[in-house]
Structures are given as C-alpha cells and as structure tokens.
Number of protein chains: 2
Amino acid sequence: MARERQTDLAVLGALSIAPMSGYAVREGIREVLGQFWSESFGQIYPTLARLEAGGHVVRRSEGRGSVFALTEAGRAHLRDLLGRPETPAPPRNGLMLRLFFGHELGPTACRVLVEEHRASAVQALAGLEVARAEVEAERPSDHQAYALLTVSAGEHGARAILAWADEALAVLDQLPASS
Amino acid sequence: MARERQTDLAVLGALSIAPMSGYAVREGIREVLGQFWSESFGQIYPTLARLEAGGHVVRRSEGRGSVFALTEAGRAHLRDLLGRPETPAPPRNGLMLRLFFGHELGPTACRVLVEEHRASAVQALAGLEVARAEVEAERPSDHQAYALLTVSAGEHGARAILAWADEALAVLDQLPASS
DNA sequence: GGAGTCATGTAAGTTGTTACATGATTCT
DNA sequence: AGAATCATGTAACAACTTACATGACTCC
C-alpha cells in the first residue's frame with residue numbers, strides 16, 4: 001500500500017485509554033470504533049512486539065496472557081503520530097461502483113444492493129445507540145466528549161444513508177425491469 | 001490485502017460506457033466517480049493486459065495509443081462480477097481514529113482536523129453540483145438514472161458531514177484548551 | 001523551443017488480510 | 001465433557017500505491 005503505518009496509531013491510542021492485552025485491543029477497537037476502524041490480530045501482535053522493542057510499550061505478564069501499557073515515550077510517539085497530517089486513503093466504495101454500472105446489473109439486483117446497505121445502516125444506528133448510552137454512562141471527561149463526537153459522526157452518516165436509500169429505492173421502482 | 005480484485009470491475013465498467021484508452025479510463029473514473037473510486041495507472045495497465053489476454057477486451061491501435069473495447073465475453077464477465085456479493089473492505093477512517101483519541105491531541109488541533117474535513121465536504125459538494133449538471137445534460141437513459149443515484153449519495157454524505165462538523169466545532173469550542 | 005497533456009508501461013515496496021496453529025480458562 | 005471465549009502468535013499472499021522511465025503530440 002505504501003501508505004502510513006496507521007496501526008501504530010490505533011494500538012497506541014487504545015493503550016492510552018488503559019493498559020490491556022492484544023486481544024482486548026482488538027475487541028476494544030471493534031466495540032467502540034467498529035464503525036470507523038478495524039484491526040486484525042495478524043497486525044496487532046507484530047505491532048505490539050515492534051512497539052515493545054522500540055520502548056513505546058511495556059509488557060507485563062498477567063493471568064493467561066500479557067498486559068501492555070504505554071510508556072512515556074509511547075505517549076509522546078502517539079502524540080507525534082496524531083499530529084502528523086492525515087493522508088486519506090483513496091476512496092473505494094464498492095456499492096457506488098456497482099450502482100454506477102447499474103444498467104448492466106438491472107434494477108432488481110440494484111434494489112437488493114441498496115436494501116442491504118440500508119439494513120446495515122439501520123443496524124449501525126442500533127449499535128450506535130448502545131455505544132452512546134455506554135459512553136454517556138462514563139464519568140464526564142474530555143475523552144468522553146471526543147468519543148461522543150465520533151458516535152455523532154456515525155449517527156449523521158447512518159441517517160444520511162437511510163435518507164438516500166429511501167430516495168434511491170423510489171427511483172429504482174420507476175425504472176423498467178429490463179436493463 | 002488478500003481481498004477481491006475490484007479493479008477488473010472498475011475497468012470493465014468504464015469500458016461498458018464506451019471504448020477508450022487506459023488513460024481515459026483513469027480520467028473517466030476520476031471525474032465521474034472520484035468521490036467513490038480511484039484507480040492508479042500501475043493497476044489499470046496490467047489489468048487491461050490481463051483482460052486482453054483473457055479475451056474480455058480487445059485493443060485497437062488508434063492515434064498515439066490504443067483504444068480498448070469490451071467484447072461480449074467481457075460484458076458477460078462484468079455482469080458476473082457485478083452480481084457477486086460485495087465484500088466490503090474493513091473500515092479505516094483516519095479522522096475518526098484521531099478524533100477518538102482527541103484528548104491526547106487537544107481541542108485546537110482537533111478543530112483543524114474537523115475544519116479540514118468540513119472544507120473537503122464543501123469542495124465535494126461543489127464538484128457534485130458540476131457532476132449533476134453534466135449528467136442531467138445527457139440524453140435520458142437508464143445509465144443516467146443510475147449515475148444520478150450515485151451523485152445523490154455523494155450529496156447526502158457531504159451534507160451529513162457538514163451538519164456533523166458544525167456540531168462538532170461547537171462542542172470543541174466548549175472544551176478547555178489544555179488536554 | 002518549452003510546457004502541458006496524452007499515453008503506456010515497469011519495479012519496488014508495504015500494509016494489511018486470511019488462514020493456520022496452539023493452548024488455557026470459563027461457562028453450561 | 002464440550003463449547004465458547006480469551007489469548008498469542010506465524011506464514012503466505014495479494015492488492016494497491018508510488019516512483020520511475022519514456023515518448024508523442026499540441027499549443028503558445
């Protein structure tokens with residue numbers, strides 16, 4: 001990809017909330033940022049090892065596995081990474097690509113595509129409702145405010161998808177069945 | 001990435017609109033789907049060569065370069081690819097990742113991030129206005145309807161970003177300057 | 001004649017996914 | 001006892017980006 005190593009940022013960020021195991025890093029990201037981010041184990045463990053070697057995190061044996069904690073150098077590294085200008089990945093939206101060539105696919109199949117997308121937005125909205133409740137239950141803090149900002153972004157995005165999908169379904173109904 | 005080869009779909013789709021050069025494939029995608037898709041030359045030319053070898057496109061020498069046209073087999077392949085279930089790429093939204101750890105970055109830097117994002121949405125909206133006018137100027141067809149659907153998706157998305165960004169900026173104003 | 005655009009490709013590098021492999025706890 | 005979850009890693013692989021290299025044509 002020849003793109004910036006963004007996993008460092010995600011892992012360091014997760015550990016900035018609290019020390020945890022590699023497994024917990026993944027679960028934490030999944031639960032709270034699932035809408036916007038994902039990490040695989042195949043990426044997390046090597047990253048953790050690299051960060052440990054670089055003195056950015058320390059490993060402490062505990063229970064069945066290990067708990068990783070941010071060092072001062074690690075926190076500095078996190079701040080440095082956060083401050084670097086974002087290099088957004090080139091867009092790749094499979095749904096839009098398919099829909100744009102919808103005349104080859106036909107309205108019926110396109111309807112299915114849009115309905116699936118709509119359904120996943122509904123599901124996302126339900127997940128965000130839970131996430132919002134969880135975050136709001138935390139004791140007030142700066143981090144809470146930032147977390148709510150991302151939840152809100154998810155909500156705005158999901159509602160936009162709903163509105164668009166309903167509009168799109170209405171348009172598709174007007175289209176003839178043959179391509 | 002170990003993910004599906006989506007470039008075939010994009011290239012075949014572009015050629016389904018009209019025969020064109022590899023260069024024009026990239027420019028076409030850029031202009032009309034730039035919001036949602038991108039292809040690099042390093043990906044387009046090898047793909048074109050592969051599709052030619054597979055009998056999905058034919059190359060005709062013309063002017064300074066070549067013009068590639070879809071064969072019947074190519075059109076069938078395109079329909080096949082379009083019909084396959086979409087395997088959405090894992091989400092990776094750098095802005096949300098950064099914002100979620102905003103307490104480490106501080107409100108001022110976060111403001112910049114959000115403002116940049118807002119500005120790019122404004123720019124996207126302007127681009128979409130042009131795209132909409134261009135598509136609406138075409139003679140009415142199924143393809144036109146589908147193209148308008150994707151333009152509309154862009155508009156809904158961009159407006160959602162604007163609404164969220166304004167909300168987020170108001171929240172950030174309330175936050176203390178220290179992290 | 002120089003700049004910009006049109007045009008086609010190759011090579012290197014890396015991020016990140018998927019699949020495999022293994023085992024300890026905990027719950028039912 | 002078996003299933004699910006917690007936990008840690010490795011290896012193979014590929015999709016894709018970036019940078020490099022080259023050249024024709026057109027416009028000023």
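Residue numbers start from 1 in every chain, and the chains themselves are labelled A, B, ... in the order their sequence lines are given, proteins ahead of strands. Side chains included, hydrogens not; waters and symmetry mates left out as well; all remaining heavy atoms used.
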**OP:** Examine dC6(C): is either OP1 or OP2 under 4.0 Å from a nitrogen or oxygen in the side chain of S21(B)? Give yes or no.
**Re:**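 False: S21(B) side-chain N/O out of range (4.0 Å or more) of dC6(C) OP1/OP2.
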Subject >> Under-4.0 Å side-chain N/O to phosphate OP1/OP2 contact, R5(B) with dC16(D) >> reply: no
Checking all strands, does [X] fall into the base, sugar-phosphate, or nothing category for heavy-atom contacts under 4.0 angstrom?
X	result
Q6(A)	sugar-phosphate
R26(B)	nothing
G22(A)	sugar-phosphate

**OP:** Please tell me which of the listed nucleotides, dC6(D), dG16(C), dG9(D), lies nearest to the side chain of Y45(A)?
**Re:**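 Side chain of Y45(A) sits closest to dG9(D).
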Subject >> Nearest listed nucleotide, side chain of P90(A), among dG9(D), dT17(D), dT10(C) >> reply: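 The answer is dT17(D).
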**OP:** Answer yes or no: is there an ion pair linking R26(A) with E39(A), defined by an N-O contact shorter than 4.0 Å?
**Re:** no
Can you tell me how far [atom2] of [N] sits from [atom1] of [X], to the nearest Å?
X	N	atom1	atom2	result
E62(B)	dA24(D)	CD	P	19 Å
F68(B)	dA7(C)	CZ	C1'	10 Å
Q43(A)	dC13(D)	CD	C1'	14 Å
R30(B)	dT5(C)	CZ	P	11 Å
I44(A)	dA19(C)	CD1	P	17 Å
W37(A)	dT17(C)	CH2	P	10 Å
I29(B)	dC16(D)	CD1	P	12 Å
R64(A)	dC6(D)	CZ	P	8 Å

Any sub-3.5 Å donor-acceptor pair from [X]'s side-chain atoms to [Y]'s backbone N or O?
X	Y	answer
R118(A)	D166(A)	no
Q144(B)	V135(B)	yes
S152(A)	L149(A)	no

Original post:
Looking at H143(B) versus F100(A), is the centre-to-centre ring distance below 6.0 Å?
Top reply: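 Ring centroids of H143(B) and F100(A) are less than 6.0 Å from each other.
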